Amino acid sequence: MELNLFDKQVYVNRRQTLKQNIGNDGLILLLGNEDSSMNYKDNCYPFRQDSNFLYYFGLDVPTLAAIIDTDTGEEVVFGNELSIDDIIWTGILPTVSEMAALAGVAKTNAYNQITHYVHKAITNGRKVHILPPYRPENKVKLSAWLNVSIQDIADHVSVKLIKAVIAQRVIKSPLEVEQMENAVSISVDMQLAVIKHTRPGIKEYELVAKAHEVAIAANARLGYPAIITTHGQTLHTHYYGNTLQEGRMVLADIGAENAMHYGGDLTRTVPVGRSFTTRQKELYEVVLNSMDHAISMLKPGVQYKEIHLQACQKLVEGLTAVNIMKGEAAEAIAAGAHTMFFQCGLGHMLGMDTHDMEDLGEQYVGYTDTLKKETVFGLKSLRLGRELEAGYVLTIEPGIYIIPELIDRWQAENKYADFINYDVLNTYRDFGGIRIEDNFLITDTGSQLLGKYLPKTLKEIEALKG
Ligand code: GLY
Ligand code: MN
Ligand code: MN
């Protein structure tokens with residue numbers, strides 16, 4: 001088995017920067033993931049290494065961990081050598097010291113020796129910096145090593161380490177941008193396959209199969225479960241059992257994760273048949289106009305929250321033009337009336353994780369000490385608010401989602417009656433939803449679309465279906 005890594009100097013440099021940013025301040029403990037059982041012990045979910053561990057050590061192998069001593073500079077990779085049973089059933093791997101050498105680390109030790117390092121540090125009154133664990137296995141281990149209950153691990157998480165890791169990972173290096181270009185271009189091919197196969201009479205799962213086929217043939221996989229649905233109003237549905245019908249649309253939100261674990265996250269909404277209906281065209285143009293406006297605002301120094309609000313403004317203006325909304329757009333947005341149609345945020349950071357670094361905390365990734373995430377419906381789902389910097393990679397994904405259950409609930413409460421024409425809106429109850437999503441790198445002067453261009457205008461999409 002061959003391991004995919006960047007040159008070892010990449011990892012040496014990343015760890016050097018991390019050490020500098022933490023200063024002389026105890027141990028950093030970074031845990032890789034282990035295989036996780038799906039329905040019985042030996043039948044595991046596909047292995048996915050922890051992204052922070054990948055970033056600093058690059059080793060895509062289960063049950064590894066590492067310590068970085070910020071006082072002495074010592075780095076140790078912990079892992080167990082394969083048993084003959086492992087070799088018989090799953091094949092050979094490099095030894096732990098061979099793997100560590102690929103990441104530029106000279107010292108290794110058995111996995112169970114982590115306890116010794118952690119206890120010694122704690123006994124000597126030194127800090128042990130950990131990141132928030134999200135896997136049950138790692139929670140159990142940390143609870144034992146730190147001698148705290150699982151509930152109390154959160155109190156031992158290092159905000160200093162979280163901030164230092166985010167500060168590094170949030171700026172994508174040219175090497176990473178190259179990987180992301182690759183992942184997004186594979187995602188574009190997945191989208192094209194789905195669009196070309198969309199036709200009346202087939203099941204949504206047949207389109208899901210096309211997305212997987214393209215990803216796997218490119219030595220990639222899906223970075224998150226596919227959303228391919230004729231009920232596009234349900235933001236993150238994973239039900240694929242509907243039959244596609246003429247006159248409806250299909251929303252496909254799919255992204256490849258490539259062999260180096262960088263991902264794309266693209267959405268297109270297309271007609272099931274050859275062309276959009278007039279109503280679909282009208283609302284599609286509203287979403288596209290909002291998207292183009294948001295893209296035109298992308299550049300360093302602009303707050304993403306402001307771009308989100310401007311995108312909302314365009315959505316409301318468009319919805320007002322077709323008489324679904326009424327009144328002053330700015331007032332409607334200040335009141336929150338647009339959340340009847342756009343319940344989520346405009347986008348998020350993208351990288352090795354689809355919602356990049358969300359394991360480290362949305363507040364730290366998307367906001368700052370002075371800009372806090374809001375808690376009201378709508379803005380509570382805006383994962384990114386902070387000012388943009390060159391090197392960020394993010395998504396722009398406006399949408400209009402017409403959710404009959406939400407219409408019924410808010411109409412009964414007479415909610416936002418000054419801004420919503422419920423009579424008109426009720427004639428759209430079965431409309432579904434539209435989202436359009438692309439991925440961008442923030443450059444020194446603006447932004448750059450990542451990956452190959454994926455058709456997005458009405459004309460281009462209908463041409464693809466032709
Ligand atoms: N695919 C998940 C998202 O767009 O946020
Ligand atoms: Mn997204
Ligand atoms: Mn998406």
Side-chain angles (χ1 to χ4, degrees), residues 48 51 170 172 180 183-195 204 207-208 211-212 214-215 220-229 231-240 249-258 261-270 287-288 290-291 294-295 298 304-305 307-308 311-312 315 339 342-360 362 365-366 373 378-386 388 392-401 432-442 447 449-451 454 456:
R48 176 52 156 85
S51 300
V170 82
K172 270 57 180 182
M180 300 211 60
V184 180
S185 288
I186 299 169
S187 310
V188 167
D189 289 338
M190 289 158 57
Q191 284 282 355
L192 290 171
V194 167
I195 294 169
E204 291 160 338
L207 297 179
V208 176
H212 279 274
V214 173
R221 61 183 175 184
L222 270 58
Y224 53 93
I227 300 162
I228 299 186
T229 179
H231 292 295
Q233 77 279 10
T234 310
L235 295 164
H236 280 181
T237 178
H238 299 134
Y239 175 74
Y240 310 126
M249 297 177 290
V250 170
L251 182 155
D253 181 345
I254 42 181
E257 177 176 312
N258 76 359
H261 300 290
Y262 285 86
D265 180 8
L266 301 177
T267 308
R268 288 296 183 269
T269 309
V270 305
V287 178
L288 189 59
S290 165
M291 182 185 202
I295 295 166
L298 290 173
Y304 192 87
K305 185 176 173 185
I307 303 177
H308 167 85
C312 292
L315 290 176
T339 61
F342 188 46
Q343 301 81 12
C344 56
L346 181 67
H348 50 86
M349 299 281 195
L350 180 68
M352 279 189 278
D353 312 304
T354 306
H355 291 179
D356 207 28
M357 299 177 279
E358 216 163 87
D359 59 311
L360 302 178
E362 279 180 55
V365 180
K373 191 156 177 259
L379 283 175
K380 75 174 179 184
S381 303
L382 179 61
R383 309 183 125 81
L384 176 58
R386 70 202 243 179
L388 303 180
Y392 285 10
V393 170
L394 46 81
T395 70
I396 294 286
E397 48 180 308
I400 291 178
Y401 309 102
I434 295 173
R435 172 161 68 254
I436 316 172
E437 177 175 22
D438 276 327
N439 308 148
F440 297 89
L441 168 70
I442 304 302
S447 74
L449 178 74
L450 286 177
L454 177 62
K456 66 176 180 178

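Atoms within each ligand, like the ligands themselves, are counted from 1 in listed order. This structure is a prediction, so every number in the text was calculated from the model and none was measured.
- A heavy-atom separation below 4.0 Å is not found between Arg383 and ligand 1.
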- Message: Is there a side chain to side chain contact (heavy atoms under 4.5 Å, CB included) between Ile396 and Tyr304? Walk through the geometry before answering.
- Response: CA-CA 10 Å; Ile396 294 286; Tyr304 192 87; 3.7 Å; yes
- After noting the C-alpha distance and the side-chain angles of Leu450 and Leu350, does the key distance pass the side chain to side chain contact (heavy atoms under 4.5 Å, CB included) rule? CA-CA 11 Å; Leu450 286 177; Leu350 180 68; 5.6 Å; no
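- Heavy-atom proximity to His348, at under 4.0 Å, picks out these atoms of ligand 1: 3 (C), 4 (O), 5 (O).
- No side-chain heavy atom of Asn439 sits under 4.5 Å from any side-chain heavy atom of Met180.
- In this structure, atom 3 (C) of ligand 1 lies nearest to the protein heavy atom Asp265 OD2, 3.4 Å.
- For residue Glu397, an N/O/S atom approaches the Mn ion (ligand 2) to within less than 2.8 Å.
- Using a 4.5 Å cut-off on side-chain heavy atoms (C-beta onward), His348 and Glu397 make contact.
- At a cut-off of 2.8 Å, His355 is not counted among the residues with an N, O or S atom near the Mn ion (ligand 2).
- Scanning all protein heavy atoms for the shortest distance to atom 4 (O) of ligand 1 gives Glu397 OE1, 3.0 Å.
- Taking the Mn ion (ligand 3) as reference, the nearest N/O/S atom within Asp265 carries the name OD1.
- Two residues are said to be in side-chain contact when any heavy atoms from C-beta on lie closer than 4.5 Å; His231 and Thr237 fail this criterion.
- Take the N/O/S atoms of Glu437: the one nearest the Mn ion (ligand 3) is OE1.
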- Task: Show your working on side chain to side chain contact (heavy atoms under 4.5 Å, CB included) between Asp438 and Leu266 and close with a plain yes or no.
- Result: CA-CA 5 Å; Asp438 276 327; Leu266 301 177; 3.7 Å; yes
- Go through Asp253 and Asp265 one step at a time and tell me if the side chain to side chain contact (heavy atoms under 4.5 Å, CB included) criterion holds. CA-CA 7 Å; Asp253 181 345; Asp265 180 8; 3.0 Å; yes
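- Each of the following atoms of ligand 1 lies closer than 4.0 Å to a heavy atom of Glu437: 4 (O).
- Counting atoms of ligand 1 from 1 in the listed order, those under 4.0 Å from a heavy atom of Asp253 are 1 (N), 2 (C), 3 (C), 4 (O).
- Shown are Lys373, Arg386, Lys380; of these, the salt bridge (charged side-chain N to carboxylate O under 4.0 Å, His left out) with Glu362 is made only by Lys373.
- For the pair His355 and ligand 1, a heavy-atom separation below 4.0 Å is found.
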